[in-house]
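Below you'll find the structure, written out as structure tokens, and then a few comments.
Position 1 is the first residue of the sequence; numbering continues from there.
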Amino acid sequence: MEAGVSDNNGDQKGLRLPLPSPPRTVESMMKKSTPPPFLVKTYTVVEDPATDKVISWNGEGTAFVVWQTAEFAKDVLPKLFKHCNFSSFVRQLNTYGFRKVTTTRWEFCNDKFRKGEKEKLCEIRRRKAWTNKQQHEVQHEVDEDQRSSSSNSSSSQYNTLMDENKRLKKENGDLSSELASMKGKCRELLDLVAKYGNGSRKEDEDERPKLFGVRLEVEGERRRKTKRAEETAFLPSQSCK
């Protein structure tokens, strides 16, 4: 649209006026006020106390730490993003401006991603596409950490099995010693039973009382012996007649 404007000399110059900008739609306003789903899901899982052993805020609440990368990739990622690739998760964080705080652990921070400040997520903007070099560096770092975690896990399992083997050997030795002791006591018991069992049978056969260890003859037995002696003495005299 052009309009004629007169200058001091009476000349008119054509000027092009800027067109008014179109009004902002409700959809565009909602897009700017709604944080990306990736950030919302990540914030939710960091806030969840049930996953604190795997992923949680750092002590100050200014960053979050993935404590167990293997468990995070296996148990948490599939529920949030339908995949179990930890390196993809790290790449996605970097596209939203997160940076790794330290080399000793997987700690990520973003000035707009803080504990108790969820409303600031809508201020985080997605970065432009990465270069191949940046992607390669992140992938290499993730692969190194995963190999280290796998090695530590295998070493831990080996040590656990060795400790269990030692414990079982010790228990086996204790049980063998206890079994040998029980066998000895069983033999002693059998010897005692045999010894006192034979003595009881002998005493049953001869129930006469003892005096200072000498058997005493009771009256009835003495009479029987006297009668047998008389009969024995009588029989020869009869045969002589």
Side-chain angles (χ1 to χ4, degrees), residues 21 23-160 163:
S21 59
R24 296 171 61 186
T25 63
V26 176
E27 183 179 358
S28 63
M29 295 175 63
M30 289 183 62
K31 284 183 178 180
K32 289 188 176 182
S33 62
T34 303
F38 172 81
L39 297 177
V40 175
K41 292 179 180 180
T42 303
Y43 192 93
T44 300
V45 74
V46 174
E47 283 274 273
D48 189 359
T51 60
D52 281 351
K53 292 183 179 180
V54 179
I55 181 173
S56 69
W57 295 106
N58 64 0
E60 298 78 20
T62 57
F64 70 91
V65 184
V66 181
W67 303 102
Q68 304 289 340
T69 56
E71 287 78 359
F72 179 75
K74 176 184 175 183
D75 301 328
V76 179
L77 282 180
K79 297 178 181 178
L80 297 177
F81 308 109
K82 308 304 180 183
H83 69 81
C84 57
N85 193 334
F86 183 66
S87 60
S88 296
F89 174 75
V90 175
R91 286 197 300 270
Q92 192 78 344
L93 287 175
N94 280 270
T95 61
Y96 284 100
F98 285 81
R99 61 185 182 277
K100 198 165 183 287
V101 177
T102 177
T103 58
T104 58
R105 63 185 185 183
W106 291 96
E107 182 174 355
F108 303 93
C109 73
N110 184 305
D111 294 339
K112 306 296 183 181
F113 194 94
R114 297 188 173 223
K115 185 176 182 180
E117 300 179 3
K118 188 176 181 180
E119 67 280 358
K120 291 186 177 181
L121 295 181
C122 59
E123 301 177 18
I124 300 177
R125 294 290 178 263
R126 190 181 181 92
R127 285 182 176 179
K128 295 181 180 180
W130 282 10
T131 64
N132 292 334
K133 182 179 179 181
Q134 289 175 317
Q135 292 180 357
H136 177 73
E137 289 175 352
V138 172
Q139 182 66 44
H140 177 71
E141 189 175 1
V142 172
D143 292 342
E144 285 292 332
D145 181 77
Q146 289 179 341
R147 280 195 293 268
S148 177
S149 299
S150 177
S151 177
N152 293 336
S153 177
S154 299
S155 177
S156 176
Q157 291 177 358
Y158 175 77
N159 292 334
T160 300
D163 293 340

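- For K53 against Q68, the heavy-atom pair with the smallest separation is O-CG, 3.5 Å.
- Shortest non-hydrogen contact noted between V66 and I55 is CG2-CD1, 4.1 Å.
- Residues D75 and V54 fail the side-chain proximity criterion, which asks for heavy atoms closer than 4.5 Å.
- Nearest heavy atoms, V90 versus N94: O-ND2, 2.8 Å.
- Between V101 and C109, the closest side-chain pair of non-hydrogen atoms falls below 4.5 Å.
- Put simply, the side chain of R105 reaches to within 4.5 Å of the side chain of W67, judged on heavy atoms.
- Contact check for K115 versus E47: side-chain heavy atoms found under the 4.5 Å cut-off.
- By the 4.5 Å heavy-atom criterion applied to side chains, V76 and E71 are not counted as neighbours.
- When all heavy atoms of P78 and K74 are compared, the pair lying nearest together is CG-O, 3.4 Å.
- Proximity of R126 to P36: side-chain heavy atoms (C-beta onward) are nowhere separated by under 4.5 Å.
- Here the closest heavy-atom approach between residue F81 and residue K41 is recorded as CE2-CD, 3.8 Å.
- Residues W57 and Y43 bring their aromatic ring centres within 6.0 Å.
- Put simply, the side chain of F89 reaches to within 4.5 Å of the side chain of F72, judged on heavy atoms.
- The closest donor-acceptor contact from the side chain of N58 to the backbone of E107 lies at 3.5 Å or more, if one exists at all.
- The two atoms that bring T44 and V40 nearest to each other are OG1-O, 2.8 Å, heavy atoms only.
- Using a 4.5 Å cut-off on side-chain heavy atoms (C-beta onward), F64 and T42 make contact.
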